[in-house]
There are 2 protein chains.
Amino acid sequence: MINKSIEESIVLSIFDLANQLKKIGDDVYLKVGLTTQQWLILLHLSGNPNLPFFKREKHVKDLMASELAESLNVSRANITNLINVLLEKKLIKQFEDGQDRRKKRLRLTKKGIALIDKTQPSRLGVIHFLTEGFSTEQKQTFLTFLEECMSKLINEDDKIKSFHKLI
Amino acid sequence: MINKSIEESIVLSIFDLANQLKKIGDDVYLKVGLTTQQWLILLHLSGNPNLPFFKREKHVKDLMASELAESLNVSRANITNLINVLLEKKLIKQFEDGQDRRKKRLRLTKKGIALIDKTQPSRLGVIHFLTEGFSTEQKQTFLTFLEECMSKLINEDDKIKSFHKLI
DNA sequence: TTAAATAGTTAATAATGTTAACTATTTTTA
DNA sequence: TAAAAATAGTTAACATTATTAACTATTTAA
């Protein structure tokens, strides 16, 4: 018999909620001819300060494909494909780094910026609808909780893996 | 210029965290020859009371494929495929419903139960490691937050869709 | 100056998912 | 009660998203 547990409920709910949000995203971004993943790349290139990636480390230069791979937690090869789609759609542009000839920097085109601007009100509308009814303190507690979990997952990889040795 | 916002940070963090957790799950369940999706079906069939699906509605009978599709938010066709894999591995069994001949009920085999039992300590270990350091009140507030968001997404579909008309 | 690391790409492939069309059965409704 | 609609599951064809491995080019470190 499996017991009720707040902790397990939280983790399973996070999973469920992210899943639902992704579905909604897929629906919305389909309207502008994008997938959620493609749109997420645009959001990164827009420099959105609310992305966990930008909270973990500051970025002054335009992003590279490998940084997107790190943030989205997928392979570089996968990012290459996604970027090719966005380049074809002329939503982003790619240019060589002046200092390091291995690197290619990515930037939104005017068309890309316009698209981000267009989808912003709808996105923020949903976000505020979902989070309304909670105090700023409560919201800050949730955010801290999420960020601490994330930090443990990233920085205490060894500890996480030690649990898996039980299997 | 995009502003910092707790609300947007929360939503983007939930996305990020779920993504990381899924990657970890993929790693772990690979060890026992499963994908995260396949394992999630086993978790449903184990009747785990911490699954959001079981909190939303009570289930006395064994689950059907269509109910799994609803809970995982995927098509029935997709569930058919996943179930076939689990049937081949002899982790679950399928039997006809006595009352309604359209329905097929699913249940864990002894092998399936053994596998769930085997992975449980590792899974709970990670979950407790991630959530330690927060008070029960904080954790309860956080769970309530997640459940309210979920409930809005499910029950106020029209409202959510109205935001998308802005695009 | 050689070896290792980093950045990106390509090719082959796996998994995960979709929709549409179909059968069988049950429920609704006219 | 007969016809229509809904539900459950499957199959086939296909799209997307992802992976790894092998490769080139370049930079950094030993």
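The sequence lines fix the lettering, A, B, ..., with proteins before strands; numbering per chain opens at 1.
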Check the distance between [N]'s [atom2] and [X]'s [atom1] and give it to me in whole angstrom.
{"X": "A:Leu30", "N": "D:dA15", "atom1": "CG", "atom2": "C1'", "answer": "13 Å"}
{"X": "A:Asp97", "N": "D:dT26", "atom1": "CG", "atom2": "C1'", "answer": "12 Å"}
{"X": "A:Asn78", "N": "C:dA7", "atom1": "CG", "atom2": "P", "answer": "17 Å"}
{"X": "B:Arg101", "N": "D:dA8", "atom1": "CZ", "atom2": "C1'", "answer": "13 Å"}
{"X": "A:Leu40", "N": "D:dT17", "atom1": "CG", "atom2": "C1'", "answer": "14 Å"}
{"X": "A:Met64", "N": "C:dT9", "atom1": "CE", "atom2": "C1'", "answer": "16 Å"}
{"X": "A:Asp26", "N": "C:dT16", "atom1": "CG", "atom2": "C1'", "answer": "13 Å"}
{"X": "A:Ile41", "N": "C:dG8", "atom1": "CD1", "atom2": "P", "answer": "12 Å"}

Looking only at side-chain atoms of [X], point me to the closest of [options].
{"X": "B:Ser75", "options": "D:dA8, C:dT18, C:dT26", "answer": "C:dT18"}
{"X": "A:Asn84", "options": "C:dT18, D:dA18, C:dT10", "answer": "C:dT10"}
{"X": "A:Val74", "options": "D:dT10, D:dT26, D:dT19", "answer": "D:dT19"}
{"X": "A:Ala77", "options": "C:dG8, D:dT17, D:dA21", "answer": "D:dA21"}
{"X": "A:Thr35", "options": "D:dT27, D:dT16, C:dG17", "answer": "D:dT16"}
{"X": "A:Gln38", "options": "C:dT10, D:dT17, D:dA8", "answer": "D:dT17"}
{"X": "A:Asn81", "options": "D:dA18, D:dT10, C:dT9", "answer": "D:dA18"}
{"X": "A:Arg76", "options": "C:dT25, C:dA7, C:dT10", "answer": "C:dA7"}
{"X": "A:Arg102", "options": "D:dT27, D:dT17, D:dA8", "answer": "D:dT27"}

Sidechain N-carboxylate O distance under 4.0 Å for B:Asp97, B:Arg101: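 Result for this pair is no, no salt bridge flagged.
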Establish, yes or no, whether the cationic atom of B:Lys104 lies under 6.0 Å from the six-membered ring centre of B:Phe95 and within 45° of the ring axis.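 Relative to the ring axis of B:Phe95, which defines the angle, B:Lys104 lies outside at least one limit.
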Measure from NZ or CZ of A:Lys22 to the centre of the six-membered ring of B:Phe15 and say whether it is under 6.0 Å with the direction within 45° of the ring axis.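 Output no; distance or angle outside limits.
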Could you say whether A:Gln99 or A:Thr36 is positioned toward the 5' end of DNA chain D, judged by the nucleotide with the nearest heavy atom to each?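 Per heavy-atom nearest nucleotide, the more 5' residue is A:Thr36.
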How about A:Ser13 and B:Leu143: do any of their side-chain heavy atoms sit closer than 4.5 Å?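 Yes; the side chains approach each other to less than 4.5 Å.
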With a 4.5 Å heavy-atom cut-off, do A:Ser71 and A:Leu51 have their side chains touching?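 They are not in side-chain contact.
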Give B:Thr80 one of three labels, base, sugar-phosphate or nothing, depending on what nucleic acid heavy atoms sit under 4.0 Å from its own.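 Base contact.
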Which is true for B:Lys23 with a 4.0 Å heavy-atom rule: it touches a base, it touches only sugar-phosphate, or it touches nothing?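 Contact class for B:Lys23: sugar-phosphate only.
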Does a side-chain N or O from B:Gln37 land closer than 4.0 Å to OP1 or OP2 of C:dG17, or not?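 For B:Gln37, the contact criterion (side-chain N or O under 4.0 Å from OP1 or OP2 of C:dG17) is met.
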Sub-6.0 Å ring centroid separation between A:Phe142 and A:Phe134: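 For A:Phe142 and A:Phe134, the ring centres are under 6.0 Å apart.
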